[in-house]
Amino acid sequence: MNIFTYFETQFAAIILQLGEAGQIKKELDISRVVFELPRDQEHGDLATNAAMVLAKPAAMKPRDLAVLFSEELKTIDGVVDVEIAGPGFINLRINPLLWAREISEVLTAAHDYGRNNAGQGANVNIEYVSANPTGPLHAAHARGAVIGDALAGLMAFSGWNVTKEYYVNDAGGQVDILARSAYLRYCEALGDDIEIEAGLYPGEYLKDVGSKLAAKYGDKYHKRPEEEWLSTFRLFAVSEILVGIKEDLKALGIQMDRFASERELVENGAVQKAVDKLKADGHVYMGVLEPPKGKEPEDWEPREQLLFRASNFGDDTDRPLQKSNGSWTYFASDVSYHFNKLERTKGQLIDIFGVDHGGYVKRMKAAVEAMSGQKDMLDIRLCQLVNLMENGKPVKMSKRAGNFVTVRDVIEAVGADVIRFIMLTRRNDQTLDFDYAKVTEHSRDNPVFYVQYAHARACSVLRQSDGVPSEVDLSVLKDPAELAVIKLLSSWPKMVESAARAHEAHRIAFFLVDLASSFHSLWNAGRDNPDLRFMIDDNPVVTAARLQLVKATSLVIATGLNVLSIKALDEM
RNA sequence: GCGCUCGUAGCUCAGCUGGAUAGAGCACUAGACUACGAAUCUAGGGGUCGGGAGUUCGAAUCUUCCCGAGCGCGCCA
């Protein structure tokens with residue numbers, strides 16, 4: 001059993017026992033009680049907030065509770081000292097062997113160390129990327145892609161049943177423009193001189209689509225009116241673009257479970273169905289919106305339209321579902337899409353959006369609340385921009401000219417694993433500088449390298465050994481530098497679980513940097529003091545224990561990287 | 001004008017859902033290479049957590065009001 005759960009279990013027994021004895025109230029809620037690593041070494045090996053958290057429900061003073069608890073905690077096997085500190089913290093010092101035994105936990109579970117059941121098999125649907133199918137993925141899409149995919153990996157590792165989903169916006173005006181742009185390229189392929197007018201997509205990538213259209217249809221649609229070819233070309237172009245997007249995702253290590261089509265929702269009446277449902281529940285009405293304050297559009301006219309009562313669910317105003325021409329707004333189809341996801345998932349939804357969709361969060365959460373009847377069925381994580389840099393200077397991009405940097409370009413430049421890790425070295429709502437030079441640099445500055453190097457070093461030791469013995473005396477591991485690594489290793493399961501619950505995959509990346517740092521420190525301690533080297537020629541007992549520690553470290557680093565779908569390197 | 005996100009060391013950022021004297025890296029200063037990989041490590045200085053008020057045993061974290069930055073604000077997606 002993991003050391004933290006061990007103490008939490010023991011503590012639960014103590015609460016029960018004290019309750020039975022009438023010394024404290026019975027059935028106190030101990031869900032907020034935690035045993036954790038104190039930041040400060042002076043505070044011992046483990047600390048608990050139990051006395052402070054339980055003071056109010058127990059109607060006792062924290063210090064008095066702490067005294068009661070500490071008497072009992074002292075009797076737990078392996079506890080060597082208990083002290084009460086500050087406002088009521090209880091600090092435990094424990095036999096180093098208890099820590100060292102954590103290594104056995106790691107080695108036994110191996111690549112499943114840290115796997116947990118926080119999700120208890122609940123379904124969760126994570127929607128990410130969802131870039132418009134009008135061109136290849138560009139670099140900016142990579143962040144949301146990685147954040148969503150890493151979160152999917154993390155939650156799957158933590159016992160959720162995850163569906164990874166991409167919403168294809170193949171129904172709006174954007175894809176008409178795509179079709180017209182493809183038509184031009186089609187004409188070009190048939191030998192016409194073309195000029196790409198403003199408002200169409202100028203990208204070279206459509207040449208290929210044009211040639212394929214020419215090969216398939218010959219001159220059948222050449223110089224024909226738009227209504228003859230538009231829907232055909234739209235379908236064809238979207239499908240071609242999606243093939244490319246799927247290839248890009250695959251190159252990034254991403255395999256979606258489902259590509260959901262907006263067009264299908266509109267065509268099979270799902271939008272109508274979702275709106276009808278809202279209507280039946282009284283969340284929809286015909287009304288007139290106030291013009292937006294401050295920046296009033298030139299062509300504003302008050303107009304009666306179909307509105308969703310978003311303001312009943314925390315949004316600032318009600319939101320239109322229908323355009324003036326009678327077609328659905330993007331919001332309406334997205335409402336139906338979320339309704340569809342709720343029905344399919346029977347569990348929580350997570351959307352990964354770019355910051356530019358920040359204004360959309362309230363209404364979407366409002367809609368999901370209205371449809372599900374529950375708050376918090378939808379979590380939306382916004383991801384901030386990525387600044388592409390080359391040696392500290394911004395990489396120039398002109399989307400208008402169609403020469404933006406694609407995901408493919410970046411993968412070819414630095415590799416998918418580097419992208420995946422770097423994208424997680426900032427919280428999702430912080431902007432991130434992605435510098436081609438820095439992310440491939442072999443230095444302490446580069447977290448990917450730093451973590452991979454730690455793994456490679458550990459592997460190097462293992463290669464030079466005669467194998468890791470299975471029966472060892474772990475009590476010889478008691479140097480502070482060794483214990484520091486072990487403590488981090490044993491906090492891995494806890495860390496994974498809380499990161500999964502918080503929907504924050506970046507914590508994994510930060511943990512790995514910490515672990516790498518701690519391991520590098522231990523390594524270095526062996527340089528200053530030969531007694532601390534992993535392999536000691538005339539001391540097979542110590543060597544054996546340390547090889548297990550090295551093995552455990554490499555396992556946890558590899559597992560952490562694996563959760564993020566990054567391959568650990570055995571050699572640099 | 002309103003809303004959302006953010007503001008933490010000179011710089012780049014963490015801070016485990018309210019815990020102890022706020023932590024890393026870079027940079028700076030002083031050290032460590034007869035190497036289980038020095039592509040690294042050790043030590044040190046450096047903070048009114050944007051500002052004020054509030055909530056309580058306890059606030060970077062929660063509430064509120066200011067200041068500043070980014071994003072968004074009917075019939076684009």
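Reminder, nothing fancy here: chain letters follow the sequence lines and each chain counts from 1.
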Starting from [atom2] on [N], measure out to [atom1] on [X] and report it in whole angstrom.
X	N	atom1	atom2	value
A/Ile380	B/rC71	CD1	P	20 Å
A/Asp40	B/rU21	CG	P	10 Å
A/Glu36	B/rC16	CD	P	10 Å
A/Arg63	B/rA20	CZ	P	16 Å
A/Met52	B/rA20	CE	P	9 Å
A/Asn132	B/rA77	CG	C1'	5 Å
A/Trp328	B/rC76	CH2	P	16 Å
A/His357	B/rC71	NE2	C1'	12 Å

Who does [N] pair with, Watson-Crick or G-U, both distances under 3.5 Å?
N	result
B/rU17	none
B/rU48	none
B/rC33	none
B/rA38	none
B/rG3	B/rC71
B/rU63	B/rA53
B/rU12	B/rA24

If I pick the [atom1] atom on [M] and the same atom on [N], what distance separates them, to the nearest angstrom?
N	M	atom1	result
B/rA27	B/rU12	C1'	11 Å
B/rC49	B/rC6	C1'	14 Å
B/rC28	B/rG70	C1'	32 Å
B/rA59	B/rU17	C1'	13 Å
B/rA60	B/rU21	P	10 Å
B/rG58	B/rA20	P	14 Å
B/rG19	B/rC65	P	25 Å
B/rU55	B/rG18	C1'	12 Å

Practice prompt. Any chance you could lay out the ring pair (Phe, Tyr, Trp, His ring centres under 6.0 Å) test for A/Phe35 and A/Phe4, step after step, and finish with the verdict?
Written response: CA-CA 6 Å; A/Phe35 284 79; A/Phe4 297 98; 8.6 Å; no
Q. Of A/His520 and A/Val513, whose nearest nucleotide on RNA chain B comes first from the 5' end?
A.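 Its nucleotide being nearer the 5' end, the pick is A/Val513.
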Starting at the 5' end of RNA chain B, which residue's closest nucleotide do you reach first, A/Gly86 or A/Asp356?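 Its nearest nucleotide being more 5', the pick is A/Gly86.
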> Can you tell me if the side-chain N/O atoms of A/Lys323 get under 4.0 Å from OP1 or OP2 in B/rA77?
Replying inline: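 Yes.
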Check your understanding: Taking only side-chain nitrogens and oxygens of A/Ser517, does any of them come within less than 4.0 Å of OP1 or OP2 of B/rG25?
Key ->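 Checking B/rG25 against A/Ser517, no side-chain N or O comes under 4.0 Å of OP1 or OP2.
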* **Lys/Arg-Asp/Glu bridge criterion (N-O < 4.0 Å) met for A/Lys365, A/Glu369** =>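 No, no charged N to carboxylate O under 4.0 Å.
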_Under 3.5 Å: donor-acceptor pair, side chain of A/Thr329, backbone of A/Leu321_ =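 Looks like yes, one N/O pair under 3.5 Å.
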Could you check whether any side-chain N or O of A/Asn49 sits under 3.5 Å from a backbone N or O of A/Met52, counting only pairs where one atom can act as donor and the other as acceptor?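 Not a single qualifying donor-acceptor pair exists.
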Taking all heavy atoms of [X] and all of [Y], pick out the closest pair and write down the distance.
X	Y	answer
A/Trp328	A/Lys323	O-CE, 3.3 Å
A/Thr134	A/Ile241	N-CG2, 4.0 Å
A/Asp318	A/Ala310	OD1-N, 3.3 Å
A/Leu547	A/Val461	CD2-CG1, 3.9 Å

### Task
Kindly confirm whether the side-chain ring of A/His43 is stacked on the base of B/rA20, judged by centres under 5.5 Å and planes under 30°.
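It does: the ring sits over the base of B/rA20.
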Less than 5.5 Å between centroids and less than 30° between ring planes, does A/Phe89 satisfy that with B/rA20?
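Here the ring of A/Phe89 and the base of B/rA20 are stacked, with centres under 5.5 Å and planes under 30°.
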| query | Is the cationic atom of A/Arg444 (NZ for Lys, CZ for Arg) positioned less than 6.0 Å from the six-membered ring centroid of A/Tyr450 and within 45 degrees of its normal? | reply |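 Satisfied, under 6.0 Å and within 45°.
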For this session: May I ask you to establish whether A/Arg309 and A/Tyr285 are in a cation-pi arrangement, using a distance under 6.0 Å from NZ or CZ to the six-membered ring centre and at most 45° from the ring axis?
Result: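 Yes, cation above the ring, under 6.0 Å and within 45°.
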Look at all strands and tell whether [X] reaches a base, only sugar-phosphate, or nothing, counting heavy atoms closer than 4.0 Å.
X	value
A/Pro320	sugar-phosphate
A/Asp315	nothing
A/Ala525	nothing
A/Asn325	nothing

**Prompt:** Any idea if B/rU40 is syn or anti, going by the 90°-from-0 cut?
**Reply:**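 The base of B/rU40 is oriented anti (glycosidic angle more than 90° from 0).
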> Closest to the A/Glu504 side chain: B/rG19, B/rG15, B/rU56?
Replying inline: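 The answer is B/rG15, which lies nearest to the side chain.
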A correct 5'-to-3' footprint of nucleotides 28-39 of chain B, with B, S and - meaning base, sugar-phosphate only and no protein heavy atom under 4.0 Å, is ----S---BBBB
Letter by letter from the 5' end, nucleotides 2-14 of chain B scores (B base, S sugar-phosphate only, - none; protein heavy atoms under 4.0 Å) -SSSSS----SSS
Give the ring-plane orientation class for A/Phe511 versus A/Trp492, where under 30° counts as parallel, over 60° as perpendicular and anything between as tilted.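 Because their plane-to-plane angle lies in the 30° to 60° range, the rings of A/Phe511 and A/Trp492 count as tilted.
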Mind checking what makes side-chain hydrogen bond (donor to acceptor under 3.5 Å, both in side chains) contact with A/Asn387, not counting sequence neighbours?
->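 side-chain hydrogen bond (donor to acceptor under 3.5 Å, both in side chains) list for A/Asn387, sorted by chain: A/Asp433.
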Exercise. Would you say the side chains of A/His338 and A/Asp351 form a donor-acceptor pair under 3.5 Å?
Worked result: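 Yes, because at least one side-chain N or O of A/His338 sits under 3.5 Å from a partner of the opposite role on A/Asp351.
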